[in-house]
Amino acid sequence: MNSKTRTAWTFLAPMLLVLILVAVWPLGRTIWFSFTDANINDLSATKFVGFENYFGEYGLFANPNYTDGFFASDWGLSILNTLKFSVVSVTLETLMGLGVAMLLNQDFKGRTFVRTAVLVPWAIPTIVSAKMWGWMLHDQFGIINQWLVDFGLIADKIAWTAQPEYALWTVVAVDVWKTTPFMALLILAALQTLPKDCYEAAEVDGVHPLRVFWKVTLPLIRPALMVAVIFRLLDALRVFDLIYVLTSNNNSTISMSGFVRREMVDNGYMGYGSAASTALFLIIGLCTVLAIKLSRMKLGED
Amino acid sequence: MSRIDFNNVCKRYAPNAPLTINNANLTIENGEFCVFVGPSGCGKSTLLRMVAGLEDISSGDVSIGGERVNDLPPARRGVAMVFQSYALYPHMTVRENMGFGLKVFGSNAAEIDKKVRAAADILQLTPLLDRLPKALSGGQRQRVAIGRAIVKEPRVFLFDEPLSNLDAALRVQTRLEIAKLHHDIGTASMIYVTHDQVEAMTLADKIVLLRAGEDVQKKGSIAQIGTPMDLYHRPNSLFVAEFIGSPKMNILPATFESASHGSAQIRVAGHRFDVAVNADQLKAGQAATMGLRPEHMRLADSDHSPNSLPARVVHIEKLGEASLLYLEITPDTPTITLKLEGTTGIRTGENIRLQVDAADLHLFDDQGEALTRTVSLPV
Amino acid sequence: MSRIDFNNVCKRYAPNAPLTINNANLTIENGEFCVFVGPSGCGKSTLLRMVAGLEDISSGDVSIGGERVNDLPPARRGVAMVFQSYALYPHMTVRENMGFGLKVFGSNAAEIDKKVRAAADILQLTPLLDRLPKALSGGQRQRVAIGRAIVKEPRVFLFDEPLSNLDAALRVQTRLEIAKLHHDIGTASMIYVTHDQVEAMTLADKIVLLRAGEDVQKKGSIAQIGTPMDLYHRPNSLFVAEFIGSPKMNILPATFESASHGSAQIRVAGHRFDVAVNADQLKAGQAATMGLRPEHMRLADSDHSPNSLPARVVHIEKLGEASLLYLEITPDTPTITLKLEGTTGIRTGENIRLQVDAADLHLFDDQGEALTRTVSLPV
Amino acid sequence: MKSAWYWRVALYLAATVVVAISVFPFIYAVSTSFKSGSALFEPVLWPSSVTLANYVSLFSLAEQPFGRHILNSIMVSVLVVAISLFIGVTASYALGRISFKGRGLLLTAVLAVSMFPQVAVLAGMFELIRFLGLYNKALGLVLPYMIFTLPFTVWVLTTFMKQLPKELEEAAIMDGCGPWRIIKDVFMPLLWPALVSTGLLAFIAAWNEFLFALTFVLDNNERTVPVSIALISGASKYDIPWGNIMAASVLVTIPLLGLVLAFQKKIVSGLTAGAVKG
Amino acid sequence: ATVTISCGSVGQDYENCKKMTADWARKTGHEVKLFTIPNSTTDILALFRQLFAAKSPDLDVVNVDVVWPGVIKDHLLDLKPYSKGVEKEHFPAIVANNTVDGKLLAMPWFTDAGLLFYRKDLVEKYGAKPPTTWEELAATAKKIQDGERAAGNKDFHGFVFQAKAYEGLTCDAVEWVHSHGGGNIVNDKGEITINNPKAVQALKTAASWIGTIAPQGVLNYAEEEARGVFQNGNAAFMRNWPYAWSLGNAKDSKISGKIGVSALPKGGASGQNAATLGGWQLAVSKYSRNPAIAADLVMFMTSAESQKYRAINGSYNPTIAALYKDKDVLAANPFFGSLYEVFTSAVPRPATATGAKYPEVSSAFWNATHDVLSGQATAEDSLKKLEGKLKQVQRGKW
Ligand SMILES: Nc1ncnc2c1ncn2[C@@H]1O[C@H](COP(=O)(O)OP(=O)(O)OP(=O)(O)O)[C@@H](O)[C@H]1O
Ligand SMILES: Nc1ncnc2c1ncn2[C@@H]1O[C@H](COP(=O)(O)OP(=O)(O)OP(=O)(O)O)[C@@H](O)[C@H]1O
Ligand SMILES: [Mg+2]
Ligand SMILES: [Mg+2]
C-alpha cells in the first residue's frame, strides 16, 4: 500500500467506523429476518424459511394467490405506485429545482430574503406540512378549494386527497412543493462553484444563453445535479409519511415503504416485512445503478 | 465597419479606488492591427475587456464601427477574444472548444469541422483534438484559446498575450499566421496585447503604450500612440524610451550646456556630447537626461573621438548572435548596457571606450519629456 | 546537498499512450542553474512536476542530493515551485499567499512578514499585498506565484515559465533578481523552464533541450545538454540548431561534394560553399543540409566573393535595433531570413548578394545529425 | 452590463411567484396558530380575532417542556451537522481527490446504506441503541441520524471536492501542507457553498426527524421537537389541536429560517476565480 | 417503586391522568411517571410493539385500544390474580373482549360507541324526525341538503361520516353491515362470514350516499374532518363518537345547542341498531419490574370512583353499568341515560376472534369497503375478493 492509499484509508476511517457502527447491525438484521418467519410478537420463535418470504406460497413474488396478476396484488400495486410517484416527482423536482436555483443564482435586490423563503417548505417538519396540506386541500374547509372556486377555476370543490384519480398526483404536487428546495439548494451550490471565465468566453462568442445553459452550465453541474437526483430518487422510492398522512391509506396509493410498514409494524410480520424491505432495497439499488449508468457518471474517476 | 473608438474612457474597479484607466482616447481604424503594450498591471486586459463588453465602462464611450457600444451585450459586438487566462470550457474537448463559438452562427457541421481542422493544423493541435483541456500542457491550452478565436470571422479580434507560453519557433509561426489571417480578412480590426517587443514591432500598424502606477492619475493612461518605428525612434518621453527596446535604453544624467542649429551640447559624467535635438527652450546649466540605446553604441576608434567616453566592463552576457556588455562609467552613474554583434573577445574587467553618433542620441528635459530630434529617421 | 539526477526517467500518462518523457538522463549539480527548453508540449512541466513529486514516475529514478526520491512525498523533498498556471490560493490575499508556505513551516509571524515584504518589494507587489488574486492582472498573479516560491529557502527551485506574462523591463529585472537569489543561496539547484531564448541564454549554467512528437519515442526526450554557447554554436542536430536562436537558423538543402582538412565543400542552389566541418564520413553527392544563422550573414562585398549567393528581398521587418529581411534565393528553396543591425535602407523587391564565412556555417547529414565543426569557438 | 428592464421585471416576477408558493402554507400556519376554536374550520386566511393562547399553552405544561425540546433539538442537530461535515469532509477528500482501488465500490456501498426504508431499520437500530446505552437520551439520537446524513454529505462533498483545481492542491503540497492542512486551509474555504448547503440540509433533516426520535426516546425531558409536536393532543383522542400544532410548527421553523438567513451569505460564487490560468 | 404509565398526552386526557395517578401515589407512597404517546392509534401500537419486542421494562402500565388485546396478548400480564373479581361490575362485552385464552389482559377504562349526531333545528325546519333506518336518513338528508343548497349554502351536505381508508372506516362499516344483519366479518368461531347478501346490501347502501348526500371528500375523512364539516354548519347528519358532543356544544361552535344525538339507524325495518364498540383499557406489561404495584394502579384507575370522576370531568363513558344511573354523571352528560342501550350493546370488532391478525383483517376490510365506496369495485366483487383475502390472512388458523 503506497502512502496515498494509506492517507485515503486514514481519512476514510471515521466514516467507515461510524457507518459500520450504525448500519451493519440494523441492515444485516433486516436481511437476515427476510429469510425467516419472524413475528414481532415472539422473536424467539423465529425459524429460518429460506426464500419462502420471497417466492413461497404467500411470498412477495410468484405468489399463487395473486389471481388477478402480480400488479393487482398489494405488493405489485405498491411497486407501481412508488415508481410512478418517484419518476414523476423526481423529474418535476429536478426541473423546478433547476429553475429556482437559476433564479437564486441571479443577482438582485432581496436575494437573501428569497433564498431563505424558498427553503421554508423543506424546513417545515414533514408531519406538519403534510397535515397542513391535507387541511388546505380539504374539500370543505380547505383554502385551496375555496380559492379555486372563488376564482371560478372549478365549479365544485374537489376532494383532492380522496378521489383516486387525483390522490397520487396531489401527493406528487405536495412532494414537489416540499422537496424542490432541497434540489434548488444543492444545484445553487453547484452553480456558485462554476468557473466564471468560460462564461465570459461564451458571452463574447455570442452564444445564446439557452445554449450556454445546455452546453456549459448543465454539463458542468451535472455531477452535483446527479447526486441531488440520486438522493431524491432514493428518498422518493422510500416515500411513506406524505402518502400516509395525506391520503386515504387504501391500496390505490400505498407505497412500498407503506407496504413494509404495514406488514412489519401493523401486522407484525417481521420476516415478511423484512423481505419486502430487502426487495425494496434491491429495487432502489437497481434504479440508482440505472440512474448512474444513464447519466454516465463515473464514480471511480477524477 | 470595424473602426474602434475610445472616447475619454475611464475605468475604476471600485468606487473609491484610483482610476485603472484614465482618459483613454484612441482610434483603431478599420483593418488596422493595433498592439497594446505597457507594464504589467497597466490596464491592457481591462481595455480589451471593455471592448469585448465584459467590463463596465466607468465613464467615456467605446464605439465599434461608429456605434456606441457601452451598453451593447458582448454577443452583439462581433468580437472574438483570446483570454489571457484562456477561459477554456473544461468539459469540452479541444475540438468542441474550438467549434463551440461557430455553431452559434448556425454554421453546418461540415463547415465547422473544416475550419476547426484548418486552425488545428496551423496551431499544431491536430493530434490533440479529442483531448480535454486538463490533459494539455500550458502552451497547448493557449493554442486552443487562439484556435477558438481564429475559427470565427469577427469584426474585431482581441488577443490578450496569446503567444506568451509558446516556444520561439511556434511563436514566430503563429504570429505569422495571425498576421496573415488579419490580412486575409482585411476589414477586421485587431487589438493585440503582448509583452514581446519583437511581436509588437513586427505585427503592429500602430502601437499604444500605456502607463502604469501613479502617473496614470496625473497624465492619463496613454503614454504614446504611433507606428513601431515612431516609438522606437521618437519616444515622446523617458518612460516610452525606456519601455521600448530590449535591452532597454541606457539613461545617463546630463547637464545642458548650449543649443545651436537643431543640435544640443550636453555634458555627461564630465564628457561632452553633441545631441541632434532641438533644445532651444532649455537653459544652460539645466539638468537633463541623455538616452542611448545599447545597440547604437560602438567601440570608439580612438581616445579622442567625439561623443565618446571610457568605461569598464563589469559583466558580459553572451546570447549567441550578440553579446551584452554591462559597463560602469563612474561609480555614481548607472550601469549601462552595450550590445555587440556576435560573440565578442572582450573580457570582464577590461577598460573600453564607447562612441555614439549625435544622431543616435536622445535627450529628455527634467520632466522626462523628449526634445524633438532633428535628424530624419527611417519610418 | 541539492544535486538532482534523472536516471532513465520515463513518463506515460496513460497505460497505452505513447511515452511523454522517454529515457531522460541528466544531472543538475549542486547550485547549478539549469534551463529546460523545448517545443510546447515536449514535457518540460512534466519533468519539473516529477522532481516536485507531483507526478508519478513511470520508470527510472529521480534523486535529489543523492537520495532516490521517487516515493518521497513532495513536502519532504525541499523544493519550491512556480506553477505554470500559478495555482494561487483564491481565498487568500497576496500577502497570505506568499506567507502560507512559511506559516505551514512554522516560521513566526514577524519573520514571515519580513520575508514577504522583501519579496513583494522585489516583485513590485507592495501596493497589492492585500488584494485577492481575482483582482490582479495576469502579470501580477504571475509575480505572486514567483513570490510564493522565493520567500521559501528550498534546496531546489522549480520555475515553470515564471516570466511569460511580464513586460520586458520587469522581466529583465526579475530575471536578475532570480539569478541573484540563486547566487546568494549558493547551494540551491534551480530548474527553470522558459520559452524566452534570451532568458535561457543569460541565466543558464546548463541548458537542456527536449524533443517533442514522434522523435521522442525513437530518440529519447533529451535532444542536447550543454552550456548556452554549446547549444548555440555546436548544435548536435538540425532540431537543436533550428530551435536555438531567434530568428531561427536558415536551412538550405545542399549536396556534399568533397571534404578536406576539416573543411567540406558543398553546393547549395547551384552555388559552392566552404563549410568548416569535419565531413570525412560523407560520400560525394550525398544529400546534406546547410544551416546559417540570420545574424551571421552579411551583404557581400562583390559578386565574386566566396561563400556568397544572390537573393531577392521579399519582405522586411523593422525591429528598431535591427531589421529582418526575408529573402528568396530560388522559387524552390525555402525563404531565408537575414538580420541586419539597425534600420536598413534596402527595400522590398531589391536584389542583394549574401555572404557568409565558412566558420559560421553548419552542416547536417541526411539524418539531421550535425557534423563536427572544426573552428574553435568562444565558450 | 446592465440587463434589459424586461429581464429585470421577469426576474422579480419569478422571484415573487416562487416566494409566494413557498411561504404560503407557512403564512397559513402562522395565521392558523392565531386562531382558536371553530375559526380553525373556516377557509379564510386571516382570523377575525387573534389569540396568543396557542403559544402560551405550548410553554405552560411542565410535563411537555417545549422549550427544553427545542434545546434538545438544537443540540442534536448541531452535533449531527458538525460530525457529518467533519466525517464528510475527511471522507470526501479521500474519495474525491485520491485515486485508489475500490473507490467506486466504496461510494456505492455508502449509498447502499440509505437504501433501506426507515421502518425496516428501526427495529435493529432500536436494539443497537439499547445495546450502546444510548436509549432514552436525546444525544443518543446523533448516532442513528448518521445513517441518513452521512451518505448524503459524503456524496455531495465528494462531487464538489472533485471539481476543485488539481493545481491548488499541488501548490499546497509544495508549501508543505499535509492532507489535513490542505483540507482545512485550502479546500474548506473554497467549499463553503457546498458545506453550507449540505450542512443546512443535514441540519433540517436532523431537526425534523420523527420516527427514530419517537422510538428511541421515551423520557419527556429528552424529546425533540417533531415528536413534541406530534404528541400535542387535544381535548380528546380525536380532537386535533390545530392551533397548538401550528404554533409549535411556526416556532420550530423560525430557528431554521434564521439559520438559513445567517449562512446563505456563504453561498457565493467565484470563490476559485483567479486561482489558476487555463 | 416507580411505575410508568401511558395515558394520553396533552389536554384533558392528560390532566385527568395526572390527577388520578397523583392521588394513587399519595395513597400508596409509590411514584408514577407519565409517558406521553403519539396521537394516532397506529403510531401508539407501533411504538408499544417496538418496546415489547425489546422486552423493555420502561413501561409498566399501558393503555390498550379495544381491538388490541388479541394483538399484543403475548406481552400483557393476566390481571385475574389482582382484580379480585371487580371485572364483573364492568360491561360484560368489554370484559369478554379483554379476555383472551381465559386471561384477563386488560381492565376496561372507558368505552365509546358510534352515535348519530344531527341538527335538531334543521330536522325540525324540514318537518322530519330523527331517522331510524338508513333509508330514512338518506331521504331526510337529501331533503335538507336540497333545501339548504337552494337557500344558498352550496357547500351543504346531508351526511358526513368516516370513510377514509383506516380503522375508522372499519368501525363505520361494521355498523352498516351489522345493522343490516350482515354479521361481523368473522364470527366468534373464527369463520369468515363477510361475503353475504346482507353485507352486500349494506355496502351498496353506503356507496349510494357518496356524491349524493355525502361529499366525495368523505372518502378521506376521519373523525375530525367530519366534525369540522358538521360543526361548521355544513352537514345535517354525522356519524361520530361521543366526544363530538361537548365540542359541538362549545361556546364558539356555530351549532351550539342545535345538536341532537341518537342511536345509529337500523338497516331497513328488519334491521337492528348497531354501534361499534370503541374505548380504551389499561393493562400491565409482562416486562414490568413491579407487576403487582402496576396492577394495583390499573385497578385504581379503572375503579368506579375514578370512572365517575372522568365521566363528570371529561364525558368519558364509564364501563360500569351502575354509573349510568348516577345522578352526578347524568347531570353532566344527559344523553348517557337515553343512549345507555347503545353503549351496553355496542358491537365489538372481530378482534377477539382474529387475535393477532386483527389489524390485517381490518385493513383488508376497510380497503374492500373503500373500493366499494369510491366506486372502484362493486360490493359483490369486493366482498368476494375480501373473503379470499381473509382466507389467505387466516392461513388455517387465526
Ligand atoms: N494529464 C495528462 N494526461 C495526458 N496527457 C498529458 C497530461 N498532461 C500533459 N499531457 C501531455 O504531455 C505532454 C507534455 O506536457 P507538459 O505539460 O509537460 O508540456 P510542456 O513541455 O510543459 O509544454 P508547454 O510548454 O506547452 O507548457 C503534452 O503533450 C501534453 O499534452
Ligand atoms: N477585479 C479587479 N478589482 C480591482 N482591481 C483590478 C481588478 N482586475 C484588475 N485590477 C487591477 O487593474 C489593473 C489593470 O489590470 P489589467 O488586468 O488590465 O492589467 P494588464 O495590463 O492586463 O496587466 P498584465 O500585463 O499583468 O496582464 C491592475 O493593476 C489590477 O491589479
Ligand atoms: Mg492582462
Ligand atoms: Mg508547461
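Fair warning: this is a prediction, and the values are worked out from it, not measured in the lab. The chains referred to below are lettered A, B, ... by the order of the sequence lines, with proteins before strands, and numbering in each begins at 1.
- Below 30°, between 30° and 60°, or above 60°: for Phe108(A) and Tyr12(D) the angle between ring planes is above 60°, a perpendicular geometry.
- In this structure, Leu201(D) and Phe231(A) have side chains that are not in contact, with every pair of non-hydrogen atoms separated by 4.5 Å or more.
- Residue contact with chain D, scored on non-hydrogen atoms closer than 4.5 Å, is absent for Ala13(A).
- Looking at Thr288(A), the atoms closer than 4.5 Å to chain D (heavy atoms on both sides) all sit in the side chain, from C-beta outward.
- Trp180(D) touches chain A through backbone and side chain together, each having a heavy atom under 4.5 Å away.
- Residue Val22(A) is tested with Leu132(D), Val121(D), Ile147(D), Val113(D) for a side chain to side chain contact (heavy atoms under 4.5 Å, CB included); the sole match is Ile147(D).
- For Ile31(A), the part sitting under 4.5 Å from any heavy atom of chain D is the side chain, from C-beta outward, and nothing else.
- No part of Leu195(D) comes within reach of chain A, as not one of its non-hydrogen atoms sits under 4.5 angstrom from that chain.
- For chain A, the nearby part of Leu150(D) is the side chain; its heavy atoms alone come within less than 4.5 Å.
- Arg97(D) places none of its side-chain heavy atoms less than 4.5 Å from the side chain of Phe11(A).
- Contact annotation for Val250(D): neither backbone nor side-chain heavy atoms come within less than 4.5 Å of a heavy atom of chain A.
- Below 30°, between 30° and 60°, or above 60°: for Phe152(D) and Phe182(A) the angle between ring planes is between 30° and 60°, a tilted geometry.
- For Val252(D), the part sitting under 4.5 Å from any heavy atom of chain A is the side chain, from C-beta outward, and nothing else.
- When each of Leu194(A), Val289(A), Val128(A) is checked for heavy-atom pairs under 4.5 Å with chain D, Val128(A) comes out on top.
- Neither the backbone nor the side chain of Ile83(D) comes within less than 4.5 Å of any heavy atom of chain A.
- Summarising the geometry, atom CG belonging to Leu27(A) is positioned 7.5 Å from atom CE belonging to Met125(D); distances are rounded to the nearest 0.5 Å.
- The contact between Leu256(D) and chain A is made entirely by side chain atoms (from C-beta outward), counting heavy-atom distances below 4.5 Å.
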Show me the donor-acceptor pairs, under 3.5 Å and distance only, between side chains in residues 265-278 of chain D and residues at least two apart or in other chains.
none

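- Looking at Phe160(D), the atoms closer than 4.5 Å to chain A (heavy atoms on both sides) all sit in the side chain, from C-beta outward.
- Of the atoms belonging to Ile124(A), heavy atoms from both backbone and side chain fall under 4.5 Å from chain D.
- At a 4.5 Å heavy-atom cutoff, the contact between Met132(A) and chain D is made by backbone and side-chain atoms alike.
- Contact annotation: the side chain of Thr126(A) never approaches that of Asn208(D) to less than 4.5 Å [non-hydrogen atoms, C-beta and beyond].
- Lys109(A) touches chain D through backbone and side chain together, each having a heavy atom under 4.5 Å away.
- Interface residue Met270(A): only side-chain heavy atoms are found under 4.5 Å from chain D.
- Of the atoms belonging to Thr159(D), it is side-chain heavy atoms, and not backbone ones, that fall under 4.5 Å from chain A.
- Considering only heavy atoms from C-beta on, Phe116(D) stays 4.5 Å or farther from Pro26(A) through its side chain.
- Side-chain atoms of Gln163(D) come within 3.5 Å of backbone atoms of Leu220(A) as a donor-acceptor pair (strictly under, hydrogens ignored).
- When side chains are defined from C-beta on, Met115(D) counts as touching Leu234(A), because their heavy atoms get closer than 4.5 Å.
- Only the side chain of Ile292(A) comes within contact range of chain D, with heavy atoms under 4.5 Å apart.
- Atom CE of Met226(A) sits in a crowded spot, with more than 12 heavy atoms from other residues, nucleotides or ligands closer than 6.0 Å.
- Contact annotation for Asp107(A): only backbone heavy atoms (N, CA, C, O) come within less than 4.5 Å of a heavy atom of chain D.
- Residues Leu11(D) and Leu103(A) are in side-chain contact: their nearest non-hydrogen atoms beyond the backbone lie under 4.5 Å apart.
- Neither the backbone nor the side chain of Leu104(A) comes within less than 4.5 Å of any heavy atom of chain D.
- Contact of Ser274(A) with chain D is not made at all, since no heavy-atom distance falls under 4.5 Å.
- Below 4.5 Å, heavy atoms of chain D meet heavy atoms from Arg238(A), all part of residues 237-245 of chain A.
- If you measure heavy-atom distances from Lys4(A) to chain D, the contacts under 4.5 Å come from both the backbone and the side chain.
- With a threshold of 4.5 angstrom between heavy atoms, Ala123(D) approaches chain A through its backbone and through its side chain.
- Proximity of a side-chain donor or acceptor of Thr30(A) to a complementary backbone N or O of Ala120(D) within less than 3.5 Å is detected.
- When heavy atoms are compared at a cutoff of 4.5 Å, Leu259(D) does not approach chain A at all.
- Within the 4.5 angstrom heavy-atom criterion, atoms from both the backbone and the side chain of Trp122(A) approach chain D.
- Neither the backbone nor the side chain of Pro165(D) comes within less than 4.5 Å of any heavy atom of chain A.
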